[in-house]
Colleague: 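My questions all concern the structure below.
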Amino acid sequence: MASKTAERRAVHGTGRVYWQRLGAEVKRDKWLYLLLLPGFIYFIVFKYLPMFGIVIAFENYVPASGVLNSEWVGFKWFESFFGFPAWTRYLSNTLILSLMNIIFFFPAPIILALLLNEMMNLRYKKLMQTMLYVPHFISIVIVVSITFVMFGPSGIVYKATESVLGHPINYMGSPDTFRWMIIGQTIWKETGWGTIIFLAALTNVDTQLYEAAMVDGAGRLRRLWHITLPAIRSTIVLMLILRMGSVLDTGYDHLILMANPLNRKVSQTLDVFVYEQGIKAGQFSYASAIGLMKSIVSVTLVLASNKIAHLLGEQGLY
Amino acid sequence: MKNKETKISLISPRTGKAMKISSGPVGQNRTPGSIAFNIFNYAFVTLVAVTTIIPFIYLIGASFATEYEIATRPMFFIPQDVSTGAYEYIFSSSKILRGFGNSALITVCGTLINLFFTVTMAYALSKTRLRGRNFFLNMVIFSMFFSGGMIPGYIIIANVLGLKNTYWSVLLPGAISAYNLMIVKNFFQGIPQELEESASIDGCTDIGILWKIVLPLSLPVLATFGLFYAVGHWNAYFGAMIYMTGAKEKWPLQVLLRELIIMSNGTAGDLTNMADDFVQPPEQSIKMAVIVVSTVPIMCVYPFLQKYFVKGVMVGALKG
């Protein structure tokens with residue numbers, strides 16, 4: 001601190017000179033500060049006030065008494081969550097869904113990007129990309145709506161399975177299919193879009209490597225495995241680190257649309273818990289406590305996976 | 001595209017003859033393995049791409065079909081007897097029209113608010129001479145990594161600011177995306193200083209410079225970020241769902257869709273809302289037509305979206 005102050009004094013002068021100068025500079029840039037003001041107020045009100053609002057996780061928040069005057073209860077909400085026998089179910093639902101997402105969805109854009117990269121007919125490749133990016137821009141409500149229209153009891157897929165198997169599958173209202181539907185929707189919506197970042201990384205591959213490998217007699221698959229894949233390894237690691245940070249996020253806007261009383265057993269994740277307890281049941285403090293735990297775990301996981309990436313010799317996130 | 005084909009000839013070590021090699025991941029396409037790979041690759045990627053598109057084509061086709069045809073015929077794309085009944089129903093339903101109007105209103109006003117807040121702040125932050133600039137920049141960057149979470153945000157908006165059941169509850173909370181702000185700021189920093197300096201010598205204030213010189217030079221950037229924000233507003237439902245519980249007449253299309261299609265479904269959840277929200281499940285063709293109608297605006301801007309969004313992702317990727 002002291003050295004920083006000294007440095008500032010050296011640059012901007014000391015005492016009265018410093019303040020005079022500061023005043024003159026602020027006056028000179030008064031219009032710039034005016035331009036800064038709306039954004040500054042936005043960040044304070046909508047980003048920083050909610051951060052301080054986290055204190056309600058340790059209070060018994062009642063809207064009437066406000067954030068500052070509500071009763072302080074310490075770790076009561078954390079204790080009551082872990083004292084509640086079903087908490088393991090929320091946690092395991094969250095982790096299973098996340099794990100399925102990492103196993104089935106995470107590799108999908110990588111594989112698709114590698115396949116697109118092997119296409120030498122650039123116009124055809126472009127056409128494919130144009131089709132593949134469409135669902136990314138469709139809202140999640142529409143994606144779920146489309147699923148209901150096609151997989152619901154009067155939908156075309158429902159009727160097709162009924163005529164093939166002889167009995168229908170209740171895609172939209174059964175705990176057995178719930179997770180697969182979620183993963184399927186995610187794959188359908190985001191795989192194409194997810195390829196972009198890998199395709200960008202692939203344009204940087206040194207083509208001499210391919211020539212050298214070809215002279216050595218390496219076939220297509222060998223080149224894919226030994227040149228193309230290693231070239232995007234650091235991007236894959238980076239994306240995986242980012243993904244680790246959201247291992248407890250199951251996408252509440254998606255899950256809330258898909259959850260219903262019939263699949264409750266598997267659809268209740270921590271995100272759904274925060275939404276149901278907080279916004280629907282009005283248990284603001286309880287829900288914020290769970291939300292806070294989630295954020296802490298996420299930050300820890302990002303830091304830990306970044307550390308592991310460093311240990312493995314990768315560049316990591318920072 | 002660096003790995004485009006560049007032809008070079010080499011002497012094959014095995015045969016001693018000159019052989020043609022095209023560089024790039026594909027290279028020689030002559031070996032049977034390579035041809036088989038190509039066939040598989042093109043077929044597979046085409047299949048995936050068709051799978052992403054086919055639900056839309058089916059929905060468009062079926063939305064023009066009669067209820068009887070949808071119920072009896074398996075997969076089809078062109079209906080036997082074309083009926084516009086579903087669309088007539090939609091465009092005569094004041095509820096859906098109002099939802100469409102609300103979505104349009106929120107998208108237009110929201111995007112203007114986004115651009116105003118983003119541009120003003122980005123311009124101020126693009127000036128390195130600004131005292132306290134680092135403090136403000138760090139404030140923005142920190143908010144990208146840590147947030148208060150769903151509930152404290154809800155409390156600020158609903159209980160502290162009292163924005164429940166107003167359009168402001170969906171317009172203001174997302175007024176600036178920190179990520180977009182940083183990109184616009186970097187763009188402004190790249191504009192040559194000389195232009196602005198000459199204007200300031202002519203007695204222009206900073207606001208005048210932004211309005212008369214910087215913004216006209218940034219129209220493509222404004223269009224790009226306007227599209228980013230507009231798509232976000234058109235597709236958003238969560239904010240309107242949680243903040244406008246008591247103002248159904250202000251619901252955007254996405255929240256109506258949720259009610260019409262997802263919650264009215266036989267298996268639909270959210271039983272707590274069921275009592276007053278329950279609506280008769282509409283016919284399949286009407287559901288399909290509503291989906292089509294709410295997707296049309298996105299499809300209209302899709303060509304621009306693809307062009308600009310891809311670039312946007314690249315900028316982010318290469319910078320990060």
Side-chain angles (χ1 to χ4, degrees), chain A residues 25 29 31-32 35-36 38-39 42-43 46-47 49-51 53-54 63 115 117-118 120 128 131-135 137 139 141-142 144-146 148-149 152-154 156 172-173 192 196-197 200 203 207 210-211 214 219-220 223 228 253 257 259-262 274 278-279 284 287-288 291 295, chain B residues 2-3 21 23 25-27 33-34 37 41 45 49 52-53 55 75 117 120-121 123-124 127 130-131 139 143 148-156 159 173 175-176 205-207 231 235 237-238 242 254 257-258 261-262 265-269 271 284 287-288 291 298 305-306 310 313-314 317:
Chain A
E25 278 179 30
D29 290 334
W31 298 113
L32 284 183
L35 285 173
L36 189 70
Y42 168 79
F43 274 94
F46 291 103
K47 300 285 173 185
L49 279 183
M51 282 185 214
I54 291 175
L115 294 180
N117 190 53
E118 294 287 327
M120 280 293 112
M128 293 292 108
M131 289 162 80
L132 289 166
Y133 298 158
V134 169
F137 297 104
S139 80
V141 178
I142 294 187
V144 175
S145 296
I146 292 176
F148 267 101
V149 168
S154 35
I156 185 164
M172 304 310 291
I196 293 177
I197 199 152
T203 57
T207 51
Y210 291 114
E211 288 151 19
M214 244 181 299
R220 293 273 296 265
R223 276 176 269 156
T228 317
D253 48 351
L257 295 171
N260 58 51
L262 298 174
V274 170
I279 288 167
F284 297 117
S288 319
S295 319
Chain B
K2 267 188 203 160
N3 48 13
I21 290 179
S23 69
V26 171
S34 190
F37 181 89
N41 190 17
V45 175
T52 53
I53 289 297
M75 194 74 172
F117 277 78
T120 50
M121 194 178 193
Y123 183 68
K127 295 283 164 256
L130 192 77
R131 289 296 290 269
M139 189 178 98
S143 79
M150 188 201 289
I151 303 300
Y154 178 84
I155 286 173
I156 298 292
N159 298 354
I176 299 179
T205 64
D206 288 305
I207 295 180
V231 171
N235 284 344
Y237 86 95
F238 194 73
I242 63 176
Q254 306 290 341
L257 268 176
R258 170 172 176 268
I261 299 173
I262 300 169
N265 202 286
T267 56
L271 282 179
Q284 280 290 90
K287 291 182 185 178
M288 292 173 182
I291 293 175
I298 298 286
L305 284 174
Q306 202 204 350
V310 172
V313 172
M314 299 286 202

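Model, not experiment: these values are computed from the prediction. Chain identifiers are assigned alphabetically (A, B, ...) following the order of the sequence lines, protein sequences preceding nucleic acid strands; residue numbering begins at 1 within each chain.
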Colleague: Rounded to the nearest 0.5 Å, how far does CG of A/Leu257 lie from CG of B/Leu257?
Modeller: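 Reported value, rounded in 0.5 Å steps: 10.5 Å.
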Colleague: Identify the two heavy atoms, one from A/Pro50 and one from B/Pro152, that lie closest to each other, and give their separation to 0.1 Å.
Modeller: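 Residues A/Pro50 and B/Pro152, closest heavy atoms: O-CB, 3.2 Å.
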Colleague: Less than 4.5 Å to any heavy atom of chain A: does that hold for the side chain of B/Leu130, its backbone, both, or neither?
Modeller: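 B/Leu130 touches chain A through backbone and side-chain heavy atoms alike.
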Colleague: Quick one: OG on B/Ser143 to OH on A/Tyr42, what's the gap to the nearest 0.5 Å?
Modeller: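 Reported to 0.5 Å precision, the distance equals 8.0 Å.
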Colleague: Please determine, among A/Ser288, A/Gly291, A/Pro63, A/Ser145, the option with the most heavy-atom pairs under 4.5 Å with chain B.
Modeller: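 Top option by heavy-atom pairs under 4.5 Å: A/Ser145.
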Colleague: Let's go through A/Asp29 and B/Arg131 carefully: what are the C-alpha distance in whole Å and the side-chain angles of both, what is the deciding distance for side chain to side chain contact (heavy atoms under 4.5 Å, CB included) to 0.1 Å, and is it a yes or a no?
Modeller: CA-CA 9 Å; A/Asp29 290 334; B/Arg131 289 296 290 269; 5.9 Å; no
Colleague: Could you go through A/Phe148 and B/Lys287, starting from their C-alpha distance and side-chain angles, then the distance that decides it, and tell me whether this counts as side chain to side chain contact (heavy atoms under 4.5 Å, CB included)?
Modeller: CA-CA 10 Å; A/Phe148 267 101; B/Lys287 291 182 185 178; over 6 Å; no
Colleague: Kindly give the heavy-atom pair with the smallest separation between B/Ala49 and A/Met128, and that separation in Å.
Modeller: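 B/Ala49 and A/Met128 have their closest heavy atoms at CB-SD, 3.7 Å.
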Colleague: Taking all non-hydrogen atoms of both residues, which atom of B/Thr52 and which atom of A/Pro135 are closest, and how far apart?
Modeller: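 Heavy atoms only, the tightest pair is CB-CG, 4.0 Å.
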Colleague: With a 4.5 angstrom heavy-atom cut-off, which part of B/Met139 approaches chain A: side chain, backbone, both or neither?
Modeller: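 Both backbone and side chain.
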Colleague: Evaluate B/Gln254 against A/Ile142 for side chain to side chain contact (heavy atoms under 4.5 Å, CB included), listing each step before the verdict.
Modeller: CA-CA 8 Å; B/Gln254 306 290 341; A/Ile142 294 187; 3.9 Å; yes
Colleague: Does any N or O in the side chain of B/Tyr237 come within less than 3.5 Å of the main-chain N or O of A/Asp253, such that one atom is a donor and the other an acceptor?
Modeller: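 Yes: the side chain of B/Tyr237 pairs with the backbone of A/Asp253.
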Colleague: Roughly how far, to the nearest 0.5 Å, is OG1 of B/Thr205 from CG of A/Leu35?
Modeller: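 Reported to 0.5 Å precision, the distance equals 8.5 Å.
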Colleague: Measure the spacing between CG of B/Asn41 and CG of A/Asn117 and express it to the nearest 0.5 Å.
Modeller: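 Interatomic distance, B/Asn41 CG to A/Asn117 CG, rounded to 0.5 Å: 9.5 Å.
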Colleague: If I compare all heavy atoms of B/Ile207 with all of A/Trp31, which pair ends up nearest, and what's the gap?
Modeller: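 Nearest heavy atoms, B/Ile207 then A/Trp31: CD1-CE3, 3.6 Å.
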Colleague: B/Pro55 and A/Ile146: which non-hydrogen atoms are nearest, and at how many Å?
Modeller: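 Scanning both residues completely, I find the closest heavy atoms to be CB-CG2, 4.0 Å.
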Colleague: For chain A, which candidate among B/Asn159, B/Ile156, B/Ile291, B/Ile176 shows the most heavy-atom pairs at distances under 4.5 Å?
Modeller: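 Of B/Asn159, B/Ile156, B/Ile291, B/Ile176, B/Ile176 has the most heavy-atom pairs under 4.5 Å with chain A.
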Colleague: Of the non-hydrogen atoms in A/Pro38 and B/Thr120, which two are nearest, and what is the gap between them?
Modeller: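 That closest heavy-atom pairing would be CG-OG1, 4.3 Å.
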